[in-house]
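A short worksheet on the structure shown next.
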Number of protein chains: 2
Amino acid sequence: MYSKLVIGCFLQVLMAGRGARFHLQSEGRAALVPTSSHPADMLVRKLGSIAQLSDEERRAVMGLPMTARPLPGGHDIACEHDRPMQCCLILDGWASRYQFLAEGRRQIFSFHIPGDIPDLQCLHLRVMDHSLCALTPVMLAFIPHEAIRDLTTGYPGIAATLWRDTLVDGAVFREWMVGMGRRSACQAVAHLFCEMYVKLEAVGLAKNHRYKLPITQVDIADALGLSNVHVNRVLRQLREENLVVLRNGWLNISNWPELVKISEFDPLYLHVDRLAA
Amino acid sequence: MYSKLVIGCFLQVLMAGRGARFHLQSEGRAALVPTSSHPADMLVRKLGSIAQLSDEERRAVMGLPMTARPLPGGHDIACEHDRPMQCCLILDGWASRYQFLAEGRRQIFSFHIPGDIPDLQCLHLRVMDHSLCALTPVMLAFIPHEAIRDLTTGYPGIAATLWRDTLVDGAVFREWMVGMGRRSACQAVAHLFCEMYVKLEAVGLAKNHRYKLPITQVDIADALGLSNVHVNRVLRQLREENLVVLRNGWLNISNWPELVKISEFDPLYLHVDRLAA
DNA sequence: CGCAATCTTGAATCGATTCAAAGAATGTGG
DNA sequence: CCACATTCTTTGAATCGATTCAAGATTGCG
């Protein structure tokens, strides 16, 4: 059913290795798109984007055992009440964390993109208190908890870096709380688009205020605590005001400064040091 | 203005040391109410409630430099954009994290009680992306980041315990997101009351489904993304349904099983091991 | 006692939801 | 390559939950 897509995604990862070692963007920042057949490269780049890694630390990270595995879109990666024995690093595709409630209600907690380790928290919270699923066909690298624990025990700097990553995760939750609690539906949607742009741009997966957004309006609604009907109306409004256009899975931000302004977007909470200074 | 209250609060901490070393609850669990004049005792008990501490680790924690300091209610402890050099452990009183937005809107992210380290995240996220204030007169123990970093570098087990604490923090944010996004106002308020009861009960500050709740209806509204008027109506409804009564700063849960049921409260996300098993 | 903060209630309004149904896009198999 | 099924998007109309505004009651505090 999904095999074609999955193989396509797999090849994409492998073939990227043939290109230049780094895809440089206009800002001269190294992109996170897979440029090597070894998934650990992705992790090294990710951690390097959070904090400086020493040569020794880099070697230790490269030595982590990882198993790459494709998964079809819509598939659960880990479920509430599970006790996973490994974390997953996203090499390609999007994932999301969510929880189902009574009467078919759903709350999405986060969207995750390549370079993220969306279930890192289960390293220390053994039982999953929510679920994690692939939004698109994904390529994942699974890393045993055991290996990560050994690594963090031996290298406090790496522990601090991973810890920091989970703290940024929490900061994003706080910002989403603001969106759901105190922002209008319009502001909340605009804010989400700004956030995803900054995150994707930081790993080289977006530029020129345009990116692939492989989620449905229902997903946006469940993430922001709205109904899908209302999300649709908000999207129309944003389109009519020449701010953003979402069509065929691509998001085009026509007026970035205005979008930032109306959504009161301040990237401080993402703690991208190069931005926050 | 606040001096009497503050001194009262301070004495309360000091005088508790005269009593039995541990206040035992019916469940036989050690209570977290201050039982010693040394604030490090509180930290040892807190960490011990998260994970087992070895004797060596306990000694290391006891060796942390701490400065106890009272602060009047309403006072800010740390503000957005600050770069604190220390974390604070709450010895007595309540604190909350929040953010102000345009037009006087406010979002409260969390309520904190004795034993909590509400700004632990700034150990690795140098810049505060929100503010922290004392809700009531509080007694705080300030611990320099430097000392905590040395501790976590030398003792990976303690690092993991503190890390875990910040992860539970994030899990609570997720649950609040569910409340704001997909629960009715009534359910959200009820859920908050359940959550605070479990947290307070775990540190010996609540029992018999009754506890001191020193926050205003406006605070509840800003925490749950509601208007104060609506919170008032929801409280009346809960009272009329004989579920909870909030009066004079005390919360009385008349029908705990029903409150848990209507709010769909599942304490799993609090990751209190003794509960989750 | 009197001020200030908090709580309470009613009435009007608004933002968002629900329900329903049509239209567009996407993927599948013949 | 077309027809069909499915999923996603779009729009209108009725409704509802929550907000805003405003005024009065209560509580705590100096």
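The model shown is predicted, which means the values in this text are computed figures rather than measured ones. Protein chains get the first letters and strands the later ones, always in sequence-line order, with residue 1 at the start of each.
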What is the distance, to the nearest angstrom, from the [atom1] atom on [X] to the [atom2] atom on [N]?
X	N	atom1	atom2	value
B:I215	C:dA5	CD1	C1'	16 Å
A:E240	D:dT10	CD	P	11 Å
A:H230	D:dA13	NE2	P	18 Å
A:N232	D:dT7	CG	P	19 Å
A:D222	D:dC8	CG	P	12 Å
A:L226	C:dT17	CG	C1'	10 Å
B:Q217	D:dT27	CD	C1'	12 Å
B:N228	D:dC21	CG	P	12 Å

Residues, nucleotides or ligands: over 12 heavy atoms within 6.0 Å of A:K212 NZ: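 Yes - once you tally the heavy atoms of other residues, nucleotides and ligands closer than 6.0 Å, there are more than 12.
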Other residues, nucleotides, ligands: >12 heavy atoms within 6.0 Å of A:R210 CZ: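 Atom CZ in A:R210 is packed in, count exceeds 12.
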C:dT9 phosphate, OP1 or OP2, under 4.0 Å from B:R236 side-chain N/O: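 So the side chain of B:R236 is within the cut-off, an N or O lying under 4.0 Å from OP1 or OP2 of C:dT9.
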Distance below 4.0 Å between A:N248 side-chain N/O and C:dT26 OP1 or OP2: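 Answer is yes, contact under 4.0 Å.
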Residue whose nearest DNA chain D nucleotide is more 5′ - A:L235 or A:R182: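 Closer to the 5' end of DNA chain D: A:L235.
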Parallel, tilted or perpendicular: rings of B:H209 and B:W256 (30°, 60°):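 Taking B:H209 first and then B:W256, their aromatic rings lie parallel (interplane angle under 30°).
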Closest nucleotide among C:dT8, C:dT17, D:dA18 to the B:R239 side chain: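 So the nucleotide nearest the side chain must be C:dT8.
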Axis-to-axis angle between the two ends of the helix from C:dT8-D:dA23 to C:dG30-D:dC1 (five base pairs per end, rounded to 10 degrees):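 Its terminal axes enclose an angle near 40°.
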Sugar-phosphate only, base, or nothing, as touched by A:G249 at under 4.0 Å among non-hydrogen atoms: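 No contact.
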Touch class at under 4.0 angstrom, heavy-atom based, for A:T216 against every strand present: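 If one applies the 4.0 Å heavy-atom cut-off, A:T216 turns out to touch the sugar-phosphate alone, with no base involved.
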Donor on one side chain, acceptor on other, A:D219 and A:Y98, under 3.5 Å: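 Result is no, nothing qualifies.
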Heavy-atom donor-acceptor pair, B:S96 side chain to B:F111 backbone, under 3.5 Å: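 Side chain of B:S96 to backbone of B:F111: no pair is present.
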Side-chain heavy atoms of B:V203 within contact of B:P114, under 4.5 Å: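 Not touching, per the 4.5 Å side-chain cut-off.
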hbond_proxy B:R233 side chain to C:dG10 base (donor-acceptor, 3.5 Å cutoff):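 Per atom types, the contact qualifies.
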Separation of B:M128 CE from B:I77 CD1 (nearest 0.5 Å):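 Going from CD1 on B:I77 over to CE on B:M128, the span is 9.0 Å.
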